[in-house]
Amino acid sequence: MVSTSSRAAKPKAKSAKTPSAAKGENGPVTLLVATRKGAFMVKSDKPRRTWKTSGPLFFGHIVHHMMLDPRDRRTLLVAARTGHLGPTVFRSMDFGKTWKEAAKPPAFPKAADGQKGRVVDHVFWLTPGHAEEPGVWYAGTSPQGLFRSEDGGVCWSPVSGFNDHTMYRKWTGGEQDGTPDGPKLHSVLVDPQDARHLYIGMSSGGVFESNDRGGDWHPLNKGCTMDFLPDPNAEYGHDPHCVRLHPLAPDILYQQNHCGIYRMHRGEGVWKRIGSNMPKSVGDIGFPMVLHPRDPASAWVFPMDGTSVWPRTSPGGKPAVYRTQNAGKSWRRLDSGLPREQGWFTVKRQAMTADAHDPVGLYFGTTGGELWASKSEGAKWTCMARHLPHIYAVEAAQMAR
Amino acid sequence: MKVLIPSPLRSYCAGKSEVEAGGANLSELLADLDRRYPGIRFRMIDEQDGIRKHMRVFVNSDEVRTLDVGLGASDEVMIVQALSGG
């Protein structure tokens, strides 16, 4: 097995810090809301006081993710399918005004005669490539597959270093190991210091790392518990729900896992369970995790009930965000403005995000179609929209206009 | 030959419910359809050449399950979306 400590000697880092990121953005924010029945754009004014919803785009499509390209701040990609039609990617180069479908959507290679080939059920995750590789995008699919585009999302090719890895079947498990909606490859992370350095998360499978732009991969799950299988310390087979890399401190990784909240300094190569410091009555199970855009010690989670039969709703029907400002040593409950009782929220792994303002704006969408916002880093929450379809993903974007 | 298009796929062919395409078998017909209306094939046929789960294809009144079915000039191909969802 390839060593997981292969990042011990890192190439000299280029500064990932940009002037705007260092002091905070202050322009209008556009929330890109992906739902089971289409996509919506919710745009603010500059002080984030008023918001205007437009859409639905791709009405009736199941939209799993919608992302802005931060390299030009005008190109958008959408991962979509319908209940009946196959998966595809749509692209807009004019802020979402017009859209064109990918000429070659993510798809596994055709299998040889007599062999059973894999079929992409849906594109689940979209990640823009490195800042110095304009046009490069990555897509994660269900079942687990990694795909790359070098032309801005028009043509997609399989990353065979992962999809055809000799360990692929063992790492990804069978269909019984995936989520009810199918096993997924998500959390595709590109190291801002090094375009060759990638991470992925798989539900199930665990966290994996590549140092050569996806040519080879190794598991990165040491220290992460897996209490649902016989060997809790196995090298792979884990269920990371959401993995994040800090943009200004890219050697700091966080994850909300099926088995708790973790943090890793990549140089150490071991996940440390920081969710143990959450209140015992709440626990440290959830789907999303959001990092502060400037402070690597600050993060937010949205706990859910992972007891008994796993309702995956806010513990006790009392929704709350929890924040740490000291890398998980302690957590503070943030529930002002959220329902005090009978609030059975489920917030999926892509459905919570932060903008880059100072103070940071936080946003989450529920499977019940509510969109909530805080422009005070979680101190006070307001419901921005109700009656939307089941929300899969929310991304906060700052467009070039 | 005549190909009947279900409503979810009509955005690919300018809203038409009926189009023309040619081929000696269903595979060739779908390739021709995709040349005329780029992208339409992959939405109903997967990368392993399987007809997607909720799509059905009829040649005249007979349902077909594979793409190697031979076609004649007078045949009519009907693409149908199964009734399911929620």
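Labels below follow one simple rule: chain letters A, B, ... track the order of the sequence lines, proteins then strands, and each chain is numbered from 1.
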**Sidechain N-carboxylate O distance under 4.0 Å for B:D46, A:K110** =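 Salt bridge: no.
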Relative to chain B, which segment of [X] carries a heavy atom at a distance below 4.5 Å: side chain, backbone, both, or neither?
X      : value
A:P109 : backbone
A:K37  : side chain
A:H61  : side chain

**Message:** If you apply the rule side chain to side chain donor-acceptor pair (under 3.5 Å), what do you find for A:T88 with A:E101, and how did you get there?
**Reply:** CA-CA 7 Å; A:T88 193; A:E101 187 177 350; 2.8 Å; yes
**Asked** Side chain, backbone, both or neither: which part of B:P38 has a non-hydrogen atom closer than 4.5 Å to chain A?
**Response**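 Contact with chain A: none, neither part.
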**Message:** Using a 6.0 Å cut-off, check whether atom CE of B:M1 has over 12 heavy atoms from anything other than its own residue.
**Reply:**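 Buried by this count: over 12 neighbours within 6.0 Å.
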**Prompt:** Taking the six-membered ring of A:Y168 as reference, does the NZ or CZ atom of A:R118 fall below 6.0 Å from its centre and within a 45° cone about the axis?
**Reply:**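 A:R118 over A:Y168 ring: yes.
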